[in-house]
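Order of the sequence lines fixes the chain letters, A, B, ..., with proteins taken first and strands second; residue numbering starts at 1 for each chain. Because only heavy atoms are used, hydrogens play no part in the values below, and waters and symmetry mates are left out as well, while side chains stay in.
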Protein chains: 2
Amino acid sequence: MGKKKETITIYDVAREAGVSMATVSRVVNGNPNVKPITRKKVLNIIQEMGYRPNAVARGLASKKTTTVGVVIPDISYAFFAELARGIEDIANMYHYNIILCNSDLKKEKELQLINALLEKQVDGLLFLGGEVTEEHREIFAGSQVPIVLAATRDDVDAKRPFVTIDQVQAAKEATHVLLNEGHERVGLIGGPLKDPIIGYPRFLGYKEALAEAGVEFDEDLVRLGNLRYDSGLQTAKELLSSEKSPTALFVVNDEMAVGAIHAAQDLGKKVPDDVSIIGFDNISLASQVRPLLSTIAVPMYDIGAVAMRLLTKYMNDEPIENHQVLLQYRIDLANSTKLKEIESE
Amino acid sequence: MGKKKETITIYDVAREAGVSMATVSRVVNGNPNVKPITRKKVLNIIQEMGYRPNAVARGLASKKTTTVGVVIPDISYAFFAELARGIEDIANMYHYNIILCNSDLKKEKELQLINALLEKQVDGLLFLGGEVTEEHREIFAGSQVPIVLAATRDDVDAKRPFVTIDQVQAAKEATHVLLNEGHERVGLIGGPLKDPIIGYPRFLGYKEALAEAGVEFDEDLVRLGNLRYDSGLQTAKELLSSEKSPTALFVVNDEMAVGAIHAAQDLGKKVPDDVSIIGFDNISLASQVRPLLSTIAVPMYDIGAVAMRLLTKYMNDEPIENHQVLLQYRIDLANSTKLKEIESE
DNA sequence: CTGTTAGCGCTTTCAT
DNA sequence: ATGAAAGCGCTAACAG
């Protein structure tokens with residue numbers, strides 16, 4: 001595997017080309033202050049010798065690595081994979097590479113990963129999902145590099161930049177879609193309530209919508225899952241075969257929502273005739289199920305892209321208007337709900 | 001965002017602790033040749049000063065970055081996301097970080113990314129998907145670091161390490177599942193035939209199975225898609241509403257296969273009663289559809305994990321038995337086919 | 001067990 | 001337009 005080949009450095013190129021290291025450096029970095037003929041000569045030697053600049057040495061000397069760290073809960077989860085794609089595309093566009101780390105939402109792992117990334121001298125950091133605790137803030141504060149939150153926010157540190165959507169509002173609107181269909185019993189399949197990013201705010205939106213509609217909150221119509229398909233299938237089965245089975249379900253993410261659709265169908269119920277279901281996220285699965293899932297369309301790719309773009313601005317000291325951005329979501333009514341028009345509040 | 005803070009180095013720690021840089025370095029790197037009391041003192045100073053080792057400087061001095069490059073077609077594609085998770089988990093376990101790059105299977109982009117990763121002095125490289133061309137081989141050969149292929153292989157360079165499955169054989173077996181049900185017209189929804197990783201070998205497996213069964217290959221029963229759901233939906237609709245509509249379909253990946261299931265259902269056909277369908281990959285979608293999709297279960301996570309583990313062996317000069325590994329796949333018969341027992345050849 | 005001393009390969013003033 | 005030289009922060013012999 002080609003071991004042991006002596007590495008050829010900028011010094012070797014300089015010697016062969018009969019110029020100084022500085023000049024080779026200028027050529028490599030596209031500095032215009034090089035006579036065209038010199039540039040050509042150097043370029044030729046570089047080609048001949050197969051010289052490849054050492055980015056680590058460059059990083060040490062210039063204090064820039066053109067690498068950003070990305071801490072993400074789980075890349076195998078469709079929602080985050082899509083987000084990551086947005087991040088990487090923009091990073092690539094600005095000539096950055098990303099070091100991708102899965103945190104599984106574990107605080108200790110998050111902290112350890114953030115530290116490791118800072119040690120690697122990333123030029124910036126994107127932190128996704130997971131709660132921002134005091135320990136996070138401490139590390140963030142001690143870091144020299146810009147850090148942007150994506151798909152989450154820090155309610156304590158009011159200054160921390162972020163890119164996400166208004167979770168509570170979106171959840172409220174999703175619930176209203178069902179309430180507007182005239183259901184008496186609108187159930188909820190939620191996520192863990194300690195989860196400050198999904199579980200809690202979407203639960204809150206549900207409750208607020210009920211309150212606004214003057215419908216009493218009924219604990220018996222609520223089940224909490226772990227955001228995975230099986231969990232949606234399971235909890236929906238419970239709910240739909242319970243005594244006061246809801247005739248409409250707000251499920252806080254698509255994966256569980258599709259599970260809920262199948263639960264209903266397995267119980268012999270028609271969706272949306274017997275039970276209306278609305279999800280949240282708009283992952284591709286939402287359009288790969290029958291009936292097509294109505295859902296809150298979260299601009300996942302854009303959240304990643306915008307967050308990365310924001311980060312590049314910090315890294316290049318560009319002027320920034322909005323340090324904290326709430327992206328628009330869309331209510332995407334398909335065939336798992338009855339109403340076809342978007343009701344505004 | 002905490003800019004401008006003077007960076008504190010190993011030298012500062014050494015001074016404060018009244019020891020040499022070398023000793024601090026030893027402490028930081030867990031070198032046992034340090035008197036416990038000295039270690040403790042240094043550790044305290046490190047803590048007090050909030051010293052964070054600079055991995056870039058370390059990388060330059062030690063010629064090791066504990067970072068590996070990963071070139072992957074598209075992280076937002078479930079198959080690769082799962083693979084990436086396997087890669088990252090093992091990388092993490094061995095204290096490596098991964099730089100993740102999407103290539104979209106574009107040759108030029110692949111080459112450019114590989115070069116960028118090598119410039120960044122990654123300790124190793126994982127290359128997934130995409131054809132390995134002569135230009136790839138040239139760069140690989142000129143590189144100093146180990147390079148392992150995952151989910152693909154190089155049929156020209158017989159020495160290039162890889163971890164994947166036997167695509168042709170698996171496709172053959174998938175087709176046999178359908179043939180064994182006694183169908184006269186077994187159709188194929190394939191991928192691009194120029195794709196040497198999925199499209200071509202799985203097509204080959206299909207043809208070979210027909211040949212073995214003494215069934216004549218009929219071009220009219222074949223459609224090629226782009227591996228995405230919509231494409232499966234579309235091509236299956238064509239095929240199933242054509243004159244000699246097949247009564248069984250081998251679809252070369254799950255996403256298209258689920259599209260095919262829905263196409264059949266949209267046409268009022270029952271799966272598997274009117275048409276049997278078998279997919280390939282076993283992404284989570286396969287178990288999130290009704291009927292549950294029968295498929296070739298590819299150990300995606302394991303391919304990533306094993307490839308990464310193999311790479312660590314190269315990086316640490318560990319002895320290696322198998323430089324090229326074909327992982328086992330499983331035939332996962334669910335409800336989109338009729339037969340419930342695995343037929344061996 | 002600890003310190004000294006060279007670099008690692010490149011960028012970056014500062015001269016010229 | 002080009003060169004000389006001083007680091008960047010750390011590891012790795014080599015002494016002692």
### Task
Verify, without hydrogens or angle tests, whether A:Asn31 (side chain) and A:Asn33 (backbone) share a donor-acceptor contact under 3.5 angstrom.
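Checking the backbone N and O of A:Asn33 against the side chain of A:Asn31, a donor-acceptor pair under 3.5 Å is found.
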### Query
Between the side chain of A:Asp154 and the main-chain N/O of A:Val156, is any donor-acceptor distance below 3.5 Å?
yes
Counting side-chain heavy atoms from C-beta on, which of [options] comes nearest to [X]?
| X | options | value |
| --- | --- | --- |
| B:Ala22 | D:dC10, C:dT4, C:dC1 | C:dT4 |
| A:Ala61 | D:dG9, C:dG3, D:dG7 | D:dG7 |
| B:Lys35 | C:dC1, D:dG9, C:dC10 | C:dC1 |
| B:Met21 | C:dC10, C:dT4, D:dC10 | D:dC10 |

Does OP1 or OP2 of [N] have a side-chain N or O of [X] closer than 4.0 Å?
| X | N | answer |
| --- | --- | --- |
| A:Thr23 | D:dG3 | yes |
| B:Ser25 | D:dT11 | yes |
| B:Lys63 | C:dG9 | yes |
| A:Thr7 | C:dG9 | yes |
| A:Ser62 | C:dC10 | no |
| B:Asn29 | D:dT11 | yes |
| A:Tyr11 | D:dA5 | no |
| A:Asn54 | C:dC10 | no |

Starting from [atom2] on [N], measure out to [atom1] on [X] and report it in whole angstrom.
| X | N | atom1 | atom2 | result |
| --- | --- | --- | --- | --- |
| B:Ile8 | D:dC8 | CD1 | P | 14 Å |
| B:Arg15 | C:dT2 | CZ | P | 20 Å |
| A:Ile10 | C:dT11 | CD1 | C1' | 8 Å |
| B:Tyr51 | D:dG9 | OH | P | 10 Å |
| A:Asn33 | C:dT12 | CG | P | 13 Å |
| B:Asn31 | D:dA13 | CG | C1' | 13 Å |
| A:Gln121 | C:dC10 | CD | P | 19 Å |
| A:Arg58 | D:dG9 | CZ | P | 18 Å |

### Message
Out of the candidates A:Thr67, A:Thr65, A:Val122, only one should pair with B:Val56 under the side chain to side chain contact (heavy atoms under 4.5 Å, CB included) rule; please name it.
### Response
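The side chain to side chain contact (heavy atoms under 4.5 Å, CB included) with B:Val56 is passed solely by A:Thr65 among A:Thr67, A:Thr65, A:Val122.
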### Query
Is the shortest side-chain N to carboxylate O distance from A:Glu16 to A:Lys41 below 4.0 Å?
no
### Query
Does the separation of the ring centres of A:His323 and A:Phe162 fall below 6.0 angstrom?
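A:His323 vs A:Phe162: aromatic centres not under 6.0 Å.
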### Message
If you assign B:Leu60 and B:Ser20 each to the DNA chain C nucleotide with the nearest heavy atom, which residue ends up on the more 5' nucleotide?
### Response
B:Ser20
### Message
Quiz question: going by heavy-atom distance under 3.5 Å, is there a donor-acceptor pair between the base of D:dG3 and the side chain of A:Arg26?
### Response
yes
### Task
Have a look at B:Val19 and say if it touches a base, only the backbone sugar-phosphate, or nothing, with a 4.0 Å heavy-atom cut-off.
sugar-phosphate
### Message
For a quick check of understanding: with a heavy-atom distance under 4.0 Å over all strands, which category does A:Val28 fall into, base, sugar-phosphate or nothing?
### Response
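Answer is nothing: A:Val28 stays at 4.0 Å or more from every strand.
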### Query
Are a donor atom and an acceptor atom from the side chains of A:Lys107 and A:Thr133 found within less than 3.5 Å of each other?
no
